[in-house]
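This report concerns only the one structure given below.
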Amino acid sequence: MKHGRLPLIVTFLVPPLLLYIVFVVSPYLQAFQISTTDWLGYSAEANPVGLANFKALWHDDYVWNALKNNAILLALVPVFTIAFGLFFATMLSMGGRRGRAGVTGVRGGAFYRTVYFFPQVLSVVIIAALWKEAYHPTSGLLNGILGTVGVSGPVWLGDPDVAFWCVLAVMVWSNVGFYVVLFGAAMSAIPREIYEAVLLDGASRWATLRRITIPLLWDTVQVAWIYLAVAALDGFILVQLMTNGGPNFSSDVIGVRMYDTAFGSENKFGYASAIGVVMFFLTLSVAVLALRVSRRERIELS
């Protein structure tokens, strides 16, 4: 500081900025450039093809099928995850009895939060492996439970009509715990007197959640929605490890499609980069649209 603020800023800001440009911005720019070539990934030649890769995408049924599955994930995963997160957080924060102590949470709330949060401490790879075993048609946990009551369970991940929904359920399950803790922390900042007043006036817990909790937590819900939307547009690791897009491409998503295009038998890195560029703009558009659609007047506590 003896030499002024500029040397300090340059010393502490320029190195991380350079690292960000080299390892984040530069790969993005290279992907844009590679998407206009026919590069095979391991060849020394990369002939420019203009927008041919993007034109081919428009007529690629496999890409459209993957986008359809991502659209379903985008529509359902944020809704179910936020709904379950708000429900469990509300029950933990104000699900207890109303007594002299006012509105209280359920007993053992800290233990339940730990249980709900547990999937967050596991790697996504471990979650995929655990659920793949749970869905196993002969030795899996789910069919084992169904077998005890005399019900023959389906071939969960081997049935084209069921596999995609199995992955969607795991995606919701693996994310709910984080948002239970997030929403619970946000609810703890709301004065208990507000809840006690509306409950004394005869409001139901559903009405309290809809008219009090959600409006006061709207900024947190908005952030959760954006993160979950981005996760729904990805979904690569769970799908790739659990079903690899099968059976018959029924659970295919755009991340798996891009991976198989780049590292499959054809090694079409240029075409895969075009898919990545499309997903870049699609993800950016979804995030901006979510911010604009969910924009509303902020409610502040005085």
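Given the structure is predicted, the values throughout are model-derived calculations rather than measurements.
Applying the side-chain hydrogen bond (donor to acceptor under 3.5 Å, both in side chains) test to every pair with at least one member in residues 17-30, sequence neighbours left out, gives these pairs: Ser26-Gln30. Applying the salt bridge (Lys or Arg N to Asp or Glu O under 4.0 Å) test to every pair with at least one member in residues 57-81, sequence neighbours left out, gives no pairs at all. Evaluation of the side-chain hydrogen bond (donor to acceptor under 3.5 Å, both in side chains) test over residues 234-249, restricted to residues two or more places apart or in two chains, returns Thr243-Ser251. Sorted by first then second residue, the salt bridge (Lys or Arg N to Asp or Glu O under 4.0 Å) pairs that include residues 238-259, not counting sequence neighbours, are Asp252-Arg257, Arg257-Asp260. Applying the ring pair (Phe, Tyr, Trp, His ring centres under 6.0 Å) definition to pairs two or more places apart or across chains, those involving residues 134-159 are Trp131-Tyr135, Tyr135-Trp156.
In this structure, Leu122 is a member of the same hydrophobic cluster as Leu241, with clusters built from ILVMFWY side-chain heavy atoms closer than 4.5 Å. Following chains of ILVMFWY side-chain contacts shorter than 4.5 Å, one can reach Leu73 starting from Val239, so the two form part of one hydrophobic cluster.
Interatomic distance, CZ of Phe164 versus CD1 of Ile72, reported as 4.5 Å (0.5 Å rounding). Distance CG/Leu67 to OH/Tyr62: 15.0 Å, rounded to 0.5 Å. Atom OG of residue Ser273 and atom CE of residue Met258 lie 8.5 Å apart, to the nearest 0.5 angstrom. Distance CG/Leu228 to CG/Leu233: 11.0 Å, rounded to 0.5 Å. With values rounded to the nearest 0.5 angstrom, Asn267 atom CG is found 7.0 Å from Leu40 atom CG. The structure places CG of Leu238 at 12.0 Å from SG of Cys166, a figure rounded to the nearest 0.5 Å.
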Exercise answer: donor-acceptor pairs, residues 175-189 side-chain atoms, under 3.5 Å, sequence neighbours excluded:
| residue | atom | partner | partner atom | Å |
| --- | --- | --- | --- | --- |
| Asn175 | ND2 | Met171 | O | 2.7 |
| Ser188 | OG | Ala185 | O | 2.5 |

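For the pair Ala232 and Asn70, the tightest heavy-atom approach, listed with the atom from each and the gap, is O-ND2, 3.0 Å. Considering every non-hydrogen atom in both Ala75 and Pro78, the closest pair reads C-CD, 4.5 Å. Of all heavy-atom pairs between Thr81 and Val77, the closest is OG1-O, 2.7 Å.
Other residues, nucleotides and ligands contribute at most 12 non-hydrogen atoms within 6.0 Å of the CZ atom of Phe84. With a 6.0 Å radius and a threshold of 12 heavy atoms from other residues, nucleotides or ligands, Arg211 has its CZ atom at or below the threshold.
Applying the side chain to side chain contact (heavy atoms under 4.5 Å, CB included) test to Val223 and every residue at least two apart in sequence or in another chain returns Tyr227. Applying the side-chain hydrogen bond (donor to acceptor under 3.5 Å, both in side chains) rule to Gln33 yields no partners; only residues at least two apart in sequence or on another chain are considered. Qualifying salt bridge (charged side-chain N to carboxylate O under 4.0 Å, His left out) partners for Lys132, counting only residues two or more places apart in sequence or in other chains: none. Phe32 pairs by the ring pair (Phe, Tyr, Trp, His ring centres under 6.0 Å) definition with Phe280, Phe281, not counting sequence neighbours. Thr114 is linked by a side-chain hydrogen bond (donor to acceptor under 3.5 Å, both in side chains) to nothing, counting only residues two or more places apart in sequence or in another chain. With sequence neighbours left out, Phe263 forms a ring pair (Phe, Tyr, Trp, His ring centres under 6.0 Å) with Tyr259, Phe269.
Side-chain contact between Leu57 and Tyr271 is present, with at least one heavy-atom pair separated by less than 4.5 Å. Using a 4.5 Å heavy-atom threshold, the side chains of Asn143 and Thr138 count as separate. Within the 4.5 Å cutoff, side-chain heavy atoms of Ile34 are placed close to those of Thr37. When side chains are defined from C-beta on, Ile190 counts as touching Leu217, because their heavy atoms get closer than 4.5 Å. Val63 places none of its side-chain heavy atoms less than 4.5 Å from the side chain of Thr261. A 4.5 Å side-chain heavy-atom check between Val230 and Val286 finds every atom pair outside the cut-off.
A distance-only check finds a donor-acceptor pair linking the side chain of Asp38 to the backbone of Asn47 [under 3.5 Å].
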